[in-house]
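Scroll down for the structure; my scribbles are underneath it.
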Amino acid sequence: SRYGGDPTRIFVMGHSAGGQIAALLATDARYLRAVGMAPRDLAGAIGLSGPYDFLPIVDPKIKKVFGAEKDWPLSQPVNFVDGDEPPFLLLHGASDRRVRPMNSEHLAAKLRAQHEPVTLEIVPDTSHIGLLNGFVSPRFSPTLDDTVRWINAPGPQVR
């Protein structure tokens, strides 16, 4: 509010690794607690082609990114869904081979199991980058329209 924004309308959003980070902010209460907030204080979380449930890690380069194997579960948003989450919009390209759609499907299932509002859309014939390119043009994917419609909907949408 200090900058003219509405503190009741804060959304987090990210693509790929950014989607994982946004989902961690919206599921793992430790991060927002540091600024006096809780996941439920967010108006919503939007994940685009995010890796939310990707263990075990087998690629040696990726293993280096996530450090000690004992800490890997801390990188998985699915491990923190406990009923205090904001509404989620999860968009994923059906043709995504970089981050498999099962990541979004697993996170959506965890959220639904906790009765949290979640909209999951697996976009046909859309790749990892094609989903993101929907912000440039609808010929790549409906990402921009879907995101704006979800943000502006009265109350959380669940599908």
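Computed over heavy atoms, backbone and side chain alike; hydrogens, waters and symmetry mates excluded. Count residues from 1 along the sequence.
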Taking [X] for its side chain and [Y] for its backbone only, find out whether a donor-acceptor pair lies under 3.5 Å.
{"X": "Asp145", "Y": "Pro142", "result": "no"}
{"X": "Ser104", "Y": "His92", "result": "no"}
{"X": "Gln76", "Y": "Phe54", "result": "yes"}
{"X": "Ser137", "Y": "Arg139", "result": "yes"}
{"X": "Glu85", "Y": "Gly83", "result": "yes"}

Requested in this report: Carefully, step by step, assess Val81 and Phe88 under the rule side-chain contact (heavy atoms from CB on, under 4.5 Å).
Outcome: CA-CA 12 Å; Val81 175; Phe88 265 79; over 6 Å; no

Minimum heavy-atom separation for [X] and [Y], please, with both atom names.
{"X": "Ala94", "Y": "Pro124", "result": "CB-CA, 3.9 Å"}
{"X": "Ala22", "Y": "Gly14", "result": "CB-N, 4.0 Å"}
{"X": "Gly93", "Y": "Ser49", "result": "N-OG, 4.2 Å"}
{"X": "Thr27", "Y": "Asp84", "result": "O-OD1, 4.2 Å"}
{"X": "Trp150", "Y": "Ala45", "result": "CH2-O, 3.9 Å"}
{"X": "Ser16", "Y": "Pro51", "result": "O-CD, 3.1 Å"}

Compare all side-chain heavy atoms of [X] with those of [Y] and state whether any distance is below 4.5 angstrom.
{"X": "Leu132", "Y": "Thr143", "result": "no"}
{"X": "Ile122", "Y": "Glu105", "result": "yes"}
{"X": "Ile151", "Y": "Val148", "result": "no"}
{"X": "His15", "Y": "His128", "result": "yes"}
{"X": "Tyr52", "Y": "His106", "result": "no"}
{"X": "Leu90", "Y": "Thr119", "result": "no"}
{"X": "Asp96", "Y": "Ser127", "result": "no"}
{"X": "Arg40", "Y": "Pro86", "result": "no"}

Flag yes if [X] and [Y] sit in one hydrophobic cluster, no otherwise; membership is Ile, Leu, Val, Met, Phe, Trp, Tyr, and two members link when side-chain heavy atoms are under 4.5 Å apart.
{"X": "Tyr31", "Y": "Val35", "value": "yes"}
{"X": "Met102", "Y": "Trp72", "value": "no"}
{"X": "Phe80", "Y": "Met37", "value": "yes"}
{"X": "Val99", "Y": "Val78", "value": "no"}
{"X": "Val123", "Y": "Ile46", "value": "yes"}

**Report entry** Residues, nucleotides or ligands: over 12 heavy atoms within 6.0 Å of Asp6 CG
**Finding:** yes

Query raised in the report: Is atom CD of Glu69 surrounded by more than 12 heavy atoms (other residues, nucleotides or ligands) closer than 6.0 Å?
Result: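 Not buried by this count: 12 neighbours or fewer within 6.0 Å.
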
When rounded to the nearest 0.5 angstrom, what distance separates [atom1] in [X] from [atom2] in [Y]?
{"X": "Asp82", "Y": "Lys110", "atom1": "CG", "atom2": "NZ", "value": "10.5 Å"}
{"X": "Leu32", "Y": "Leu24", "atom1": "CG", "atom2": "CG", "value": "10.5 Å"}
{"X": "Leu42", "Y": "Thr8", "atom1": "CG", "atom2": "OG1", "value": "11.5 Å"}

Requested in this report: May I ask you to decide whether Asp59 forms a salt bridge with Lys61, counting only side-chain N to carboxylate O separations under 4.0 Å?
Outcome: no

Report task. Among Thr147, Asp146, Asn152, find the one that has a side-chain hydrogen bond (donor to acceptor under 3.5 Å, both in side chains) with Arg149. Result -> Asp146

